[in-house]
Amino acid sequence: GKTPLECIKEDLNMMKKYRDEPPSALTLEGFAVAKTLALAIKRARHPNAAMQELTKPGTTIRGSGTGLPLRGRCHCGW
C-alpha cells in the first residue's frame, strides 16, 4: 500500500483533474473507500460474483464517517 501522504496527494491530483469541487475530508474518504473497494473486487476469487453481489438492489457501501486514519499504510495503491 501507499503511505497516507501518498494517498492524499493522489486524491488531490484526481480532484484537480476530474472534479469541480474543493477537496475535503469527505472527498478523501470517498476516494480511499473507492480505491479499497476496487482493490478488493480485483483481488476476489470470483470478481464477477463480487460485483454482482455489490450491485444488488438495496446494497449500500459506506465509509467509516471518521475520515482516513493517518497511521500506518492505506490501501489506496494497487
Side-chain angles (χ1 to χ4, degrees):
K2 295 182 178 183
T3 66
L5 185 57
E6 290 171 322
C7 291
I8 291 168
K9 287 180 180 179
E10 185 180 358
D11 176 52
L12 290 174
N13 289 334
M14 297 293 277
M15 289 292 290
K16 286 178 190 173
K17 188 172 181 179
Y18 296 108
R19 301 294 299 178
D20 61 350
E21 64 182 290
S24 68
L26 291 176
T27 61
L28 175 60
E29 182 177 6
F31 176 76
V33 169
K35 293 285 279 195
T36 302
L37 179 60
L39 180 61
I41 292 168
K42 184 178 177 180
R43 290 183 177 176
R45 180 171 281 163
H46 303 287
N48 289 338
M51 278 299 299
Q52 289 177 355
E53 192 66 30
L54 290 169
T55 56
K56 282 183 178 177
T59 301
T60 56
I61 301 168
R62 293 184 268 188
S64 65
T66 61
L68 182 68
L70 296 179
R71 291 183 240 129
R73 303 185 80 69
C74 63
H75 300 284
C76 292
W78 301 119

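Computed over heavy atoms, backbone and side chain alike; hydrogens, waters and symmetry mates excluded.
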Atom CG in L28, atom CE in M14: separation rounded to 0.5 Å?
-> 13.0 Å
Separation between CD1 of I41 and CG of L37, rounded to the nearest 0.5 Å = 4.0 Å
Go through the structure and list residues passing side-chain contact (heavy atoms from CB on, under 4.5 Å) with R45, not counting sequence neighbours.
-> none
T27: what forms a side-chain contact (heavy atoms from CB on, under 4.5 Å) with it, not counting sequence neighbours?
-> D11, M15, E21, P23, S24
